2 protein chains.
Amino acid sequence: MTLYHPATEEIELSAVLHALSDPQRLQIVRLLAAHDVPVPCGSLSLDVTKSTATHHFRVLREAGVVFQVPSGTSKLTTLRRADLDARLPGLLDAVLAASPVGAAPAFGRSVSEPATYAAAI
Amino acid sequence: MTLYHPATEEIELSAVLHALSDPQRLQIVRLLAAHDVPVPCGSLSLDVTKSTATHHFRVLREAGVVFQVPSGTSKLTTLRRADLDARLPGLLDAVLAASPVGAAPAFGRSVSEPATYAAAI
DNA sequence: TAGCTGGTACGATGAGCATCGTAGCATATT
DNA sequence: AATATGCTACGATGCTCATCGTACCAGCTA
């Protein structure tokens, strides 16, 4: 039994967006992006149990976001940066550039029209 | 009762990703991006019933992706391009640049290592 | 006033999913 | 061989969500 990985051309936008829309998985991707070397799944400190982590890694892998190789008792995981950039240019960069979850929000009033409407209507 | 719109600073990455991860909503965003003027909801030809369309428009609006103003019996909808670009730079462009659902996939073999692995392992 | 039109509200339904616990299975390590 | 480690498999559970039908409401129009 081999681990399924979609080929680069098979990576689908909605699958990637769905994979990244979960906060836990987004956190995994952020942590992976911080390392440039393959990382054992267990070395990422997550707030979920092992079985839930396995589930999230599978979702990310089957969407084409990460790549996994068995290595001894562990499994090395890397971000498929090049493939994602080739298939969905700019998407991963935009997601990683977004301020992380705990960041202090900007406090100025929005200048654009829609945000103004939100307060006015 | 006023329509809720998040302010620009309140737009959350995971909410936007979740809103865009549904094919119907992705299609709505693509259609809105094709027009630069406010569009009545009903003028977009969707494959769902009215109530489902209402649901999708609300998800997009509450995530901060679109902006809606009541206008007579109708409701005008626009893409919040400027706000999204300010809060999540590059994200919308990357999503819109991705090949639409029905497009013919590239046929060359992938060069990158992970895709090669997908075929080899 | 009466009717039409575009959209919403509400409930129902069926599917998917995030999460967990327990059990199991490989691969080191002793 | 015995144990430890890192992960997976397999339910089970409770929640979310995409979809629909029906009823309803607010504006236009005749």
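In this text, all values refer to a predicted model and were calculated from it rather than measured experimentally. Naming convention: chains lettered A, B, ... in sequence-line order (proteins, then strands); numbering from 1 in each chain.
Across the helix from C/dT1-D/dA30 to C/dT30-D/dA1, the helix axis at one end is tilted relative to the axis at the other end by 20° (nearest 10 degrees, each axis from five pairs).
For A/T73, there are no side-chain contact (heavy atoms from CB on, under 4.5 Å) partners two or more places apart in sequence or in a different chain. Scored by the side chain to side chain donor-acceptor pair (under 3.5 Å) test, B/T52 finds B/T49 as partners (sequence neighbours excluded). Under the rule for a side-chain contact (heavy atoms from CB on, under 4.5 Å), the partners of A/H18 that lie at least two apart in sequence or sit in another chain are A/S21, A/R25, B/S21. Taking the side chain to side chain donor-acceptor pair (under 3.5 Å) definition, one finds that B/R61 meets it with B/Q68, sequence neighbours left out. A/T54 is linked by a side chain to side chain donor-acceptor pair (under 3.5 Å) to nothing, counting only residues two or more places apart in sequence or in another chain. Under the side-chain contact (heavy atoms from CB on, under 4.5 Å) criterion, A/A94 pairs with B/L91, not counting sequence neighbours. Shown here are the side-chain contact (heavy atoms from CB on, under 4.5 Å) partners of A/P89, two or more places apart in sequence or in another chain: there are none.
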Using a cut-off of under 3.5 Å, enumerate the N/O to N/O pairs linking the protein to nucleotides 21-24 of chain C.
residue : atom : partner : partner atom : Å
C/dG21  : N7   : A/S51   : OG           : 3.4
C/dG21  : O6   : A/S51   : OG           : 3.1

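Out of D/dA18, C/dT19, D/dC28, the shortest distance to the side chain of B/T73 is found at D/dC28. When the nucleotides D/dT19, C/dA18, C/dG6 are ranked by their closest atom to the side chain of B/V48, D/dT19 comes out on top. Listed nucleotides: C/dG7, D/dC17, C/dT19. Nearest to the side chain of A/Q24: C/dT19.
Under a cut-off of 6.0 angstrom, the local environment of CD in B/E12 is sparse, with at most 12 non-hydrogen atoms contributed by other residues, nucleotides or ligands.
Here C/dA18 presents its C1' atom at 13 Å from NE2 of B/H18, a figure rounded to the nearest Å. Atom CG in B/D22 sits roughly 14 Å away from atom P in C/dG16 (whole-Å rounding).
Screening A/L79, A/V65, A/V16 against A/L92 for a side chain to side chain contact (heavy atoms under 4.5 Å, CB included) leaves a single residue, A/L79.
Under the 3.5 Å distance criterion, the side-chain polar atoms of B/E10 are matched with a main-chain donor or acceptor of B/A7.
Comparing B/G42 and A/S71 by the nucleotide of DNA chain C that holds the closest heavy atom to each, the one mapping nearer the 5' end is B/G42.
When the side-chain nitrogen and oxygen atoms of A/K75 are compared with OP1 and OP2 of C/dT27, none of them lie within a distance under 4.0 Å.
Non-hydrogen atoms lying under 4.0 Å from DNA chain D are contributed by A/R58, all within residues 55-65 of chain A.
Looking only at side-chain heavy atoms (C-beta outward), B/V37 and B/T78 stay at 4.5 Å or farther from each other.
Within the nucleic acid shown, B/T54 comes within 4.0 Å of at least one base atom, counting heavy atoms only.
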